[in-house]
Amino acid sequence: MTVTTPSLSRRGLLRSAVGVAVMSATGVPTLVACSNGSTAAGTARASTVALPTYVPFAGPKPELAGTADGVPPGYRTYPKDLVTTVKRPPLNGGKVSVMTDIFDPLPPAKDKNTAWQAVEKQLGGTLDLTIVPDSDWATKFQTVLAANQLPDLFLMSDATLVNNLPAFLSAKCTDLTPYLSGDKVKDYPNLANIPQVIWQACVVQDKIYGLPIPRSITGGAGFYNKRLLDAAGIEYPATAEDFLAACKELTKPQQGRWAIVNSKGNTFFTFVQQMFGVPFGWKEDGGKLVKSFETPEYKAALEFAVQLVKAGVVVPGSDGADGTARKNAFKAGKGAFVYDGFPAYIDYVKAMKRLDPQNDPRAFVPMAPKGGKANTWADNVLFAYTLMKKSDEARAKELLAVANFFAAPFGSTENLLLNYGVEGVDFTRDANGNPKQTSKGEAELTVPWKYIAAPPQVLFNATDPTYIDKAHEDLTKLLAMVVKDPTTSMISPTNDKTGGDIGQAFADVRNDVIAGRKPISAFDAALAKWKKDGGDKIRGEYETALSGSASPR
């Protein structure tokens with residue numbers, strides 16, 4: 001194992017589910033400018049390439065079936081009849097080098113790590129991992145690029161870390177299209193088990209470059225504590241008007257309780273936008289694009305947010321709170337509603353049940369104003385993707401077989417090993433046969449296999465099976481409302497260069513309006529400035545890409 005400790009500061013941003021959602025909430029594009037002023041360039045993605053054929057894993061049957069639009073299958077207990085999906089070790093005594101991120105404590109080194117040794121045995125060779133703490137990821141990534149010392153496989157979690165993504169991919173990375181397009185993917189059954197909607201996010205310049213780390217399509221719209229609504233005798237609001245009335249009823253400042261927990265960037269405005277059906281990023285209409293904050297829905301959402309703040313239903317001062325303070329305030333019952341990404345659901349369930357068994361966190365399903373239509377956003381399709389450095393055909397196929405191993409689905413023997421380690425050492429079984437990690441397993445299993453390649457997500461939690469039913473039900477509702485950004489897979493050089501700055505300038509004014517420091521009329525002036533400072537140019541570049549022509553450079 002190699003652990004990096006570069007001294008330079010982090011650059012860029014984490015494109016995690018919550019990160020993407022929060023940046024969208026603040027109006028800041030997720031592809032921010034490179035610090036050296038260089039621009040990215042490219043064309044629309046995924047217009048003609050044949051995506052890998054989807055062949056679902058025929059493994060243990062879940063209690064709750066997955067759905068075609070992305071609701072994961074749910075297992076209330078761990079499957080007993082596991083399936084071995086990799087019949088032959090993908091390596092024949094060779095070695096594969098991988099560089100990937102880690103958000104957990106570093107694991108024990110390989111010579112002291114039973115799980116890691118077992119994984120290598122299954123691989124049939126050496127797994128040379130460079131594990132980079134997230135705080136050092138950007139610096140390490142660019143150092144490796146500058147030295148032209150790319151490992152065989154490496155995580156791409158932030159497209160801004162290269163100046164021209166399409167050119168970089170073409171020069172340094174393996175085009176996986178010949179090996180994965182259409183039925184070709186069937187040579188790698190675990191990769192074929194990944195739905196096409198997720199592969200679509202791994203295509204650049206009509207070529208498949210990425211091996212996806214799947215997520216569940218939408219980051220959701222936040223959470224609410226049903227216990228607090230029940231205690232107040234309030235039914236879940238059916239309309240935005242009902243929501244405002246419920247917020248007023250829930251707010252009891254003298255008892256230290258308000259309706260909504262906020263945090264920096266007015267994160268609560270994300271679920272307000274979804275209540276009013278604001279588009280995710282851009283909206284296409286006959287080849288023309290409209291930015292989300294140019295729509296009447298956005299203006300209505302902004303006015304509603306101002307109304308909520310004026311009504312005193314938002315925790316005072318929470319617009320200056322960081323993410324941790326926001327979570328803690330919601331867990332402690334200071335507010336009944338909060339914005340956070342759906343992946344945080346299980347953490348809220350565990351933490352809040354410990355504080356009070358009656359706590360009942362649920363996913364917030366946006367309700368529209370009377371006569372309107374609420375939505376959710378497709379802002380959580382994947383965590384990131386893994387790239388393969390330039391390799392000849394034989395090596396590419398070998399590395400894909402390695403990726404196929406790490407993409408082993410829930411219900412397979414390989415997935416059990418990757419998530420729980422070696423039975424008797426890293427985990428034991430509870431009375432229901434559910435694996436339960438030992439302290440040794442908790443330490444060893446922080447090896448970030450899940451950021452090399454990964455299967456589609458499932459819902460499983462042995463300590464609180466009721467979470468599975470809630471999460472499955474909530475995601476079913478949220479995914480039925482999801483809308484996509486038509487520019488997600490496109491590149492606008494102007495957006496890459498200046499979109500972050502002009503988006504932040506706009507968001508600053510927007511936040512002043514929500515806080516009551518500026519009148520609503522300031523919003524119109526800020527919008528005009530955004531358009532003049534580059535918004536219209538960004539729109540033009542995306543429209544060019546939408547038309548099928550090359551993006552301007």
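Index from 1, following the sequence.
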Full working for side-chain contact (heavy atoms from CB on, under 4.5 Å) between Tyr451 and Phe103: CA-CA 10 Å; Tyr451 299 138; Phe103 301 87; 3.5 Å; yes
Taking only residues two or more places apart in sequence or in another chain, which ones pass salt bridge (charged side-chain N to carboxylate O under 4.0 Å, His left out) with [X]?
| X | value |
| --- | --- |
| Glu297 | none |
| Glu249 | none |
| Lys299 | Asp524 |

May I ask you to check whether [X] and [Y] show a side-chain donor-acceptor distance below 3.5 Å?
| X | Y | value |
| --- | --- | --- |
| Asp340 | Tyr345 | no |
| Gln504 | Asp508 | yes |
| Asn511 | Asn266 | yes |
| Gln274 | Thr376 | no |
| Asn225 | Asn359 | yes |
| Asp464 | Thr466 | yes |

Is a donor on one side and an acceptor on the other found under 3.5 Å between the side chain of [X] and the backbone of [Y]?
| X | Y | answer |
| --- | --- | --- |
| Thr67 | Val71 | yes |
| Thr476 | His472 | yes |
| Asn113 | Pro108 | yes |
| Ser292 | Val278 | no |
| Thr438 | Val425 | yes |

Worked verdict on Thr139 versus Asp136 for side chain to side chain donor-acceptor pair (under 3.5 Å): CA-CA 6 Å; Thr139 301; Asp136 299 327; over 6 Å; no
side-chain contact (heavy atoms from CB on, under 4.5 Å) involving Ala245 - partner list, sequence neighbours excluded: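 Once residues adjacent in sequence are excluded, Ala245 has no partner under the side-chain contact (heavy atoms from CB on, under 4.5 Å) criterion.
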Set of side-chain contact (heavy atoms from CB on, under 4.5 Å) partners for Asn432, sequence neighbours left out: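 Applying side-chain contact (heavy atoms from CB on, under 4.5 Å) to Asn432 gives Asp430, Asn434.
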Pair listing, side-chain hydrogen bond (donor to acceptor under 3.5 Å, both in side chains) test, anchored in residues 71-86, at least two apart: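 Checked against side-chain hydrogen bond (donor to acceptor under 3.5 Å, both in side chains) - neighbours excluded - the pairs reaching residues 71-86 are Arg76-Asp469, Thr84-Thr413, Thr85-Asn190, Thr85-Glu414.
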So that I know where these two stand, are [X] and [Y] an aromatic pair - ring centroids less than 6.0 Å apart?
| X | Y | answer |
| --- | --- | --- |
| Phe276 | Tyr298 | no |
| Phe337 | Phe268 | no |
| Tyr339 | Phe269 | no |
| Phe271 | Phe364 | yes |

For Phe223 against Ala363, the heavy-atom pair lying closest together: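 Closest heavy-atom pair between Phe223 and Ala363: CD2-CA, 3.9 Å.
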Candidates Leu387, Val98, Thr130 - the one meeting side-chain contact (heavy atoms from CB on, under 4.5 Å) with Phe154: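 Exactly one pass, corresponding to Leu387.
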